[in-house]
Amino acid sequence: MILNIIYAFLTVSVLGTLFGFGLAFASKKLAIKKDERVLAVEDALPSANCGACGFAGCAAYADAIVNAAADITLCAPGGATTQVAIAEIMGLEATGGDSVKMVARVHCFGNDETSKKDFSYDGILDCNAAAILFQGDKSCKYGCLALGSCITVCPVDAITKGEDGRINVDKEVCIGCEKCVTVCPTGVMKMIPYDADYFIACNSNDKGAAVKRACTVGCIGCKICERKFPEAGYTVKNFLSEIDYTIEPEGRDKAAEACPTSCIRIAD
Amino acid sequence: MSYIAIVITFVFINNFILTQFLGLCPFIGVSKNTESAIGMGFAVTFVMAIASVVTWLVYYYVLIPLGLTYLQTITFILVIASLVQLVEMIVQKISPPLYKALGIFLPLITTNCAVLGIALINVTNSYGLLESFVAGISAGLGFLLAIVLMANIRERLDLEDVPKPLQGVPVAFISGGLMALAFMAFDKALLTNLLG
């Protein structure tokens, strides 16, 4: 009886010790030297794993920078600070790259009150699903479908849907990964500089009359902003005004007041 | 028992997840998208196959000669846990791509009940070494089948308008239950009809 217990005890202890030493030996023998620079670069990256750089995550990007000489300017959330940190680790010059911080914004101000619908959509609550059906339920085929595919895809929860049915991006939270821009079927989600003062809250390339039929807050391409305020950086292309953010604007606020459909809105 | 019968038994009739309800933790945890479900499925298959062989060796060459068969459960856990760790290290060393595909799932299954289950079932059915190996692979493939089906269902469920209290894991369990009902169609009669 006692012998049995001793046997059992011994067997399990011997097996356990054997496996323990085996594993310890194996971990020494099979240890893989990780490149210290990869770890350092990984630390410098924001760890948001958003995929904006085109790699599978921050770890994969760090690996690519060190081992495949990937471009160090690809991290949108990290911006200039990350770039400088990586450049230091890798012994490279920080080229600056695209150092203006960009944030996403919905270029549409239409909701159920302002915009007409062609039909009542009762399908899967997903913009891309809705867009398959006659490009969405809205009469305007350029506007925001407001079903929130961008909300789902946003890695930092910067996008919310307000009670007025409009999709808002919190620019303080937005890391500029452009995932929402990619997922948006109508292309109404566009990137603007973080410190942009105004933006055009419309994405419609329809002629003025067609825009007016579909929506009360769309850009009708009247060119008042372009003609009357030539210093403010507005250009109207395809019946849609665009703002040039690279110049020093003059009178951009006055143009916003003059806009007949007030679709030049403050980017707050 | 022929090898074909073992394969059919463990993939369909005694499917580890849908009939024996073993290994539900990774089944629910890693079935959110098909890609990781496939990775998990193959990792489990791999570990089950190796664990079947090693536990068979330990059982017949250590436990039986010493008359300590009642220690099988604790010994098997010990063997499987160390084995998975070792396999993880070896795979990381010799094949980084395979490690990337399977590696993150391996630690999750060190003490998985499905892996322990196949070791104990092999002993209970007194399978030979090769039979144990085939049973291990088949059980793993059964797991792969169930988890990939589940991942596909869950990907579609994500797009559906599920009532709030049921969203996520609850509706996954309900779907799993319905799948288990469907798998009840596979029973021993299938075996006799197919193989006589």
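We name chains A, B, ... by the order of the sequence lines, and we start the count at 1 in each one. Keep in mind the model is a prediction, meaning the values are calculated, not measured.
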Counting only non-hydrogen atoms closer than 4.5 Å, does [X] touch chain A with its backbone (N, CA, C, O), its side chain (CB onward), both, or neither?
X	result
B:Ile90	both
B:Leu71	side chain
B:Val62	side chain

Do other residues, nucleotides or ligands put more than 12 heavy atoms under 6.0 Å from [X] [atom1]?
X	atom1	result
B:Gln167	CD	yes
B:Ile74	CD1	no
A:Lys141	NZ	yes
A:Phe134	CZ	no
A:Asp164	CG	yes

Closest heavy-atom contact between B:Lys93 and A:Lys29?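 Scanning both residues, the minimum pair turns out to be NZ-O, 4.5 Å.
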Which atoms form the tightest heavy-atom contact between B:Met89 and A:Leu23, and what is the distance?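 Distance-wise, the nearest heavy atoms are CE-O, 3.9 Å.
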For the OG1 atom of A:Thr11 and the CG atom of B:Leu68, what is their distance to the nearest 0.5 Å?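 Interatomic distance, A:Thr11 OG1 to B:Leu68 CG, rounded to 0.5 Å: 4.5 Å.
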